Amino acid sequence: MAGLAIASNALKLGGQIGNYLQAYRERWNQTSKEIADLQRLHDELAGKKAEWAQLLKDYGLTNDQGLRTQFEIASTHLDEERQKFSHLQNNWCLSFWTKAQASPEILTDSINKLINDFEQIQNFLRNQEILIPMLANRANDIPDSLGFELDPRIVRLEEMEDKVMKELTPEACNKVVNVYGEPGSGKTCLAKCIAYQIHQVTNMRRSKSSSTHTPIHENNTMFQDGAVFLTCDPEAKDCGELCGEILAKIRAPGQDTCADKDLSEKLRAMRNRLQTKHILIVFDNVMNYEQIRELLALEAKGVKYLVTSRQMEVWPDAKCVLMDKPTMSEAHKILARRAKMPNDQIPPHLRWSVHTLIERVGYNLLGLALILKTMKDPLQEEYWELALEDFNSIVADDESSFQDKRVEAFGQPYPYTLSVAMLMAVEGLHDKARDLLYLVALFGGHGVPEPLLALAFTASHPKLLPGDFVRARDELEEHDLIQVECRSDPIHHFTRRTCVVNPTRRFLIRKKKQGEVAEQHKDTPW
């Protein structure tokens with residue numbers, strides 16, 4: 001009923017959206033500093049192509065076929081960036097579910113990068129060995145296939161990383177590797193670390209790092225085309241959507257995205273393009289075999305798959321690797337980095353409390369991170385003691401078996417300790433932030449466009465003060481309970497800002513809300 005009420009309120013506001021759009025668009029176009037910056041870049045680019053072409057001519061390099069080809073491709077990409085500006089100005093819009101405010105920041109960054117790189121041409125004109133790769137890099141400047149930057153708070157679990165990479169080497173002869181384990185154990189972070197390292201340098205040489213750890217793939221070139229990372233949210237993505245994401249991320253410049261094709265054509269195009277690739281494809285949070293069955297191009301010799309799942313049996317022939325619990329020292333470092341403690345170390349006066357809480361939560365990394373966010377000041381011992389008190393008070397009735405206990409949320413089993421941590425995190429929110437969290441979780445894994453979320457939130461809170469929505473949203477993001485995602489559409493040239501709750505958090509949040517509703521109505525006669 002709550003879902004129907006929210007949807008009803010949102011639909012009632014649909015008639016008002018058109019009027020809001022016209023006024024908002026005019027105001028946005030008049031006042032946006034980003035648009036002004038983009039206009040300046042647009043004008044600057046107008047003369048650059050001719051200048052760079054003349055420079056090449058002056059140095060007698062226009063007859064060099066390799067250099068000329070790369071320059072022409074890069075120049076074409078430059079023109080595409082200019083066309084995006086026109087699309088942005090002429091076709092800016094907001095539709096009810098699919099589009100949010102167009103943001104020129106991505107275009108501005110991309111154009112700036114092109115200008116900065118091309119400006120270096122005159123410094124390298126006498127050294128074509130440097131110039132040609134530089135131009136080729138710009139010519140192939142397509143959207144990041146990972147779609148994320150590695151969270152600086154992530155601590156690499158190096159032993160687990162090596163264990164997984166060993167199973168992906170040619171000698172292991174594994175096409176699919178499945179990392180499985182309980183929710184909150186760190187599977188996604190592990191997969192992201194592996195994908196990010198591979199993606200950073202396609203020749204498999206690890207980028208410079210302060211870590212002294214040498215990964216198993218240091219001199220391995222089996223993934224020359226990098227890595228692709230896909231989140232398989234069971235409530236949000238079907239086979240067609242996942243296939244579309246793969247095609248978008250492996251496409252060459254100018255290649256068809258197949259966005260308007262049916263599923264069979266998309267799958268055929270995906271398999272054909274993967275035949276020439278040497279790439280790792282990561283499917284994160286896979287629930288069952290059917291979710292990825294048609295997406296595995298097992299005949300593509302250079303392609304391997306890394307799957308994260310709660311189950312061992314997600315793929316019949318997969319090599320299964322259990323996600324080990326972190327060591328105590330790893331757990332200390334993870335908490336220290338998340339709390340921004342000096343030198344990523346737990347201070348001596350906190351070690352007993354931290355050690356005790358890690359053991360009580362069963363080394364569940366997500367549970368520990370959620371509890372950490374309930375503390376006002378993680379550097380003060382009193383807040384660790386309060387968190388431990390709260391945790392112990394909730395599990396007091398299950399002292400003998402709570403660490404092995406499981407709770408069910410919408411058909412999925414979760415560690416009881418993780419459920420307790422989620423309860424602590426949600427109870428620690430302000431009322432409006434908690435209400436907004438329930439609303440985002442209700443919409444599932446599709447991601448709620450911010451304008452729609454704001455409208456629905458306002459409809460359910462008629463006495464909101466200015467800024468209440470933004471404060472509630474920022475509180476949820478700060479507490480790691482929602483993700484605010486910005487996604488660029490390469491076809492229609494807009495940026496979509498959405499709010500989403502990942503599946504583990506979402507199911508537990510809805511379980512809590514379900515319990516609250518049941519408690520409120522347990523004495524109601526039906």
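These numbers come from a predicted model, not from an experiment.
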Sub-4.5 Å side-chain heavy-atom contact between N285 and K187 | no
What's the shortest heavy-atom distance between P378 and M341, and which atoms?
-> O-CE, 3.4 Å
Between T374 and A425, what is the shortest heavy-atom contact and its length?
-> CG2-CA, 3.7 Å
Of all residues at least two apart in sequence or in a different chain, which pass the salt bridge (Lys or Arg N to Asp or Glu O under 4.0 Å) check with D324?
-> K163
List in chain and number order the residues that pass salt bridge (Lys or Arg N to Asp or Glu O under 4.0 Å) with R351, two or more places apart in sequence or in another chain; answer none if no residue qualifies.
-> none
To the nearest 0.5 Å, how far apart are CD1 in I250 and CE in M270?
-> 7.5 Å
Compute whether any side-chain donor of one residue and acceptor of the other, for T231 and D284, lie under 3.5 angstrom apart.
-> no
E359: what forms a side chain to side chain donor-acceptor pair (under 3.5 Å) with it, not counting sequence neighbours?
-> H355
Judged by atom type as modelled, is there a donor-acceptor pair below 3.5 Å linking the side chain of N178 to the main-chain atoms of Q311?
-> yes
Check side chain to side chain donor-acceptor pair (under 3.5 Å) between D344 and all other residues, then give those that pass, not counting sequence neighbours.
-> R337
State which residues pass side chain to side chain contact (heavy atoms under 4.5 Å, CB included) with D377; sequence neighbours excluded, sorted by chain then number.
-> L379, Q380, Y383
Could K511 and E408 be called an ion pair, given the rule that one side-chain N must be under 4.0 Å from one carboxylate O?
-> no
Worked verdict on D480 versus R153 for salt bridge (charged side-chain N to carboxylate O under 4.0 Å, His left out) = CA-CA 12 Å; D480 285 339; R153 298 173 301 175; 3.1 Å; yes
Go through the steps for E477 and R473 under the test salt bridge (charged side-chain N to carboxylate O under 4.0 Å, His left out), then give the verdict.
-> CA-CA 6 Å; E477 189 174 16; R473 180 205 64 198; 5.0 Å; no
Donor-acceptor under 3.5 Å (H199 side chain, G226 main chain) = no
Grab the two heavy atoms, one from A191 and one from V282, that are nearest each other, plus how far apart they are.
-> CB-CG1, 3.9 Å
Between D262 and S264, the two heavy atoms sitting closest are OD1-OG, 2.9 Å
Excluding sequence neighbours, so at least two apart, what forms salt bridge (Lys or Arg N to Asp or Glu O under 4.0 Å) with E385?
-> none
List for me each residue that meets ring-ring contact (aromatic ring centres under 6.0 Å, His included) alongside W315, sequence neighbours excluded, and say none if there are none.
-> Y289
Tell me, please, which residues at least two apart from R273 pass side chain to side chain donor-acceptor pair (under 3.5 Å).
-> none
Contact check, side chains of L370 and M424, non-hydrogen atoms, under 4.5 Å = no
Working to the nearest 0.5 Å, report the span between CG of L365 and OG1 of T188.
-> 11.0 Å
Partner set under side chain to side chain donor-acceptor pair (under 3.5 Å) for D233, not counting sequence neighbours = R506
Go through the steps to decide whether Y414 and R310 satisfy the test side chain to side chain donor-acceptor pair (under 3.5 Å), and finish with yes or no.
-> CA-CA 10 Å; Y414 292 87; R310 302 173 195 177; 3.2 Å; yes
Check whether the side chains of N364 and E182 place a donor and an acceptor atom closer than 3.5 Å, and report yes or no.
-> yes
When every non-hydrogen atom of C320 is compared with those of Y180, the smallest separation belongs to CB-CE2, 3.8 Å
Of L437, V484, V501, the one forming a side-chain contact (heavy atoms from CB on, under 4.5 Å) with L476 is L437
If you measure from the Lys or Arg side-chain nitrogens to the Asp or Glu carboxylate oxygens, is any gap between R293 and E290 under 4.0 Å?
-> yes
Cut-off 3.5 Å, side chains only: do Y363 and E330 have a donor facing an acceptor?
-> no
Salt bridge (Lys or Arg N to Asp or Glu O under 4.0 Å) involving D474 - partner list, sequence neighbours excluded = none
May I ask you to decide if G181's main-chain N or O and S185's side chain share a donor-acceptor pair within less than 3.5 Å?
-> no
Partners of F283 by ring-ring contact (aromatic ring centres under 6.0 Å, His included), sequence neighbours excluded?
-> Y305
Search all heavy atoms of G240 against all heavy atoms of K266 and return the closest pair with its distance.
-> O-NZ, 3.9 Å
What residue pairs, at least two apart or across chains, pass side chain to side chain donor-acceptor pair (under 3.5 Å) with a residue in residues 423-432?
-> E427-K512, H430-E475, D431-R434
Using modelled atom types only, decide if a donor and an acceptor are shared between the side chain of K373 and the backbone of E478 within a distance under 3.5 Å.
-> yes
Taking D468 for the side chain and L465 for the main chain, is one N or O donor matched with an acceptor at less than 3.5 Å?
-> yes
With distance as the sole test, does N174 use its side chain to make a donor-acceptor pair with the main-chain N or O of E167 at under 3.5 Å?
-> yes
When you look at NZ of K319, are more than 12 heavy atoms from neighbouring residues, nucleotides or ligands closer to it than 6.0 Å?
-> no
